[in-house]
Structures are given as structure tokens and as C-alpha cells.
Amino acid sequence: MERKIILASHGYFASGILSSLELICGKNDRITTIDAYMTPDYNLNEKIKALMAENKENELIVVTDIFGGSVNNEFLNYIYTPNFYLIAGMNLPLLIELITQLEFADSILEMIKQALTNSTTTIQFCNESVTKEVVEEEF
């Protein structure tokens with residue numbers, strides 16, 4: 001059983017963030033992207049159905065752009081599929097954490113939980129963070 005990641009978004013966000021991820025972590029054949037709705041005849045349901053069939057023997061982590069968005073909602077249909085993990089809120093720190101731990105983690109569930117915890121600390125309002133740092137340094 002192989003571990004794979006699918007990045008799925010509205011528009012080209014998924015392939016764009018994959019470009020950044022590959023710049024930092026290198027190319028990785030375990031990652032696939034879905035750039036939804038880029039053509040008038042795009043059928044997200046069929047695309048997902050094909051990817052799920054392709055990966056039925058794999059552990060599959062799907063990372064979508066927006067919780068409750070159409071891309072995320074379409075994947076929610078598979079939430080009870082064995083070895084399927086769905087994360088909403090795609091961002092680069094999260095993906096770096098996932099991809100660097102993908103091969104080595106004993107538990108994919110624990111790896112995901114840790115990646116979520118670690119990546120949320122990277123979201124900062126820098127104006128306040130820098131001001132807080134300066135104030136703390138003055139004392």
C-alpha cells in the first residue's frame with residue numbers, strides 16, 4: 001500500500017501550490033493535482049471517481065482549498081472510505097509538513113494531526129507578532 005496526496009482546488013491553486021512545494025521539497029510522484037472548473041465541460045465528480053478507483057489500494061490524503069466548497073464537498077462523499085483522509089484549508093506549510101513526513105510516519109492519522117497543529121502556528125498577523133516581539137525584547 002502506497003501513500004499518496006491529492007491537492008484539489010477551484011482554479012489553478014492546486015497546481016500553483018504544487019509548483020511552490022516542488023521548489024522547496026523537490027518533485028514527488030506521490031502528489032496529484034485537481035484544478036477544478038477550468039473548462040466549461042469539466043466534470044469534478046467523474047475526475048474524483050476515477051482518482052478514487054485508481055487509488056483504492058493506497059492510503060490517500062486529499063487536501064482541498066476551502067471547507068464547505070464544492071471541491072471539498074465532492075470529496076466528502078468518500079469520507080467513510082478506508083484509508084481516505086480529507087483535509088480542508090490547503091496551505092504551503094501544511095503541505096511541506098505532510099510531504100516530508102509521508103514516507104516515515106508510523107501512523108498517517110497522527111502525522112496529519114501533527115501537521116495540522118504545526119502548520120497553524122505559521123499563520124501569523126506579522127504586524128502584531130513583530131510588535132509583540134519588540135515589546136518583549138524591551139523588557
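Every value quoted in this text rests on a predicted model; they were computed, and no experiment measured them.
In summary, of the residues considered (L98, I87, L92, L94), a side-chain contact (heavy atoms from CB on, under 4.5 Å) with S119 occurs for L94 alone. The residue from N58, L60, L102 that alone fulfils the side-chain contact (heavy atoms from CB on, under 4.5 Å) condition with E2 is N58.
Of the inter-residue distances, the one linking C25 atom SG with L18 atom CG reads 10.5 Å to the nearest 0.5 angstrom. To the nearest 0.5 angstrom, E54 atom CD is 8.0 Å from I6 atom CD1. How far CZ of F67 is from CE of M90: 15.0 Å, rounded to the nearest 0.5 Å. Expressed to the nearest 0.5 Å, how far CD1 of I17 lies from CG of N91 amounts to 6.5 Å. R30 CZ to I99 CD1: the interatomic distance, rounded to the nearest 0.5 Å, is 7.5 Å. The line from CG of D35 to OG1 of T33 is 5.0 Å long, rounded to the nearest 0.5 Å.
Sequence neighbours left out, the pairs with a member in residues 95-104 that pass side-chain hydrogen bond (donor to acceptor under 3.5 Å, both in side chains) are E97-N118.
Put simply, the side chain of S9 gets close to the backbone of A14: a donor and an acceptor are under 3.5 Å apart.
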Let's go through F84 and E59 carefully: what are the C-alpha distance in whole Å and the side-chain angles of both, what is the deciding distance for side-chain contact (heavy atoms from CB on, under 4.5 Å) to 0.1 Å, and is it a yes or a no?
CA-CA 6 Å; F84 175 80; E59 285 185 299; over 6 Å; no
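The aromatic rings of Y37 and Y42 stand perpendicular to each other, their planes meeting at an angle above 60°, with 30° marking the opposite boundary.
Around the CG atom of D106, the shell of radius 6.0 Å holds no more than 12 heavy atoms that belong to other residues, nucleotides or ligands. Atom CG of D29 is surrounded by 12 or fewer heavy atoms from other residues, nucleotides or ligands within 6.0 Å.
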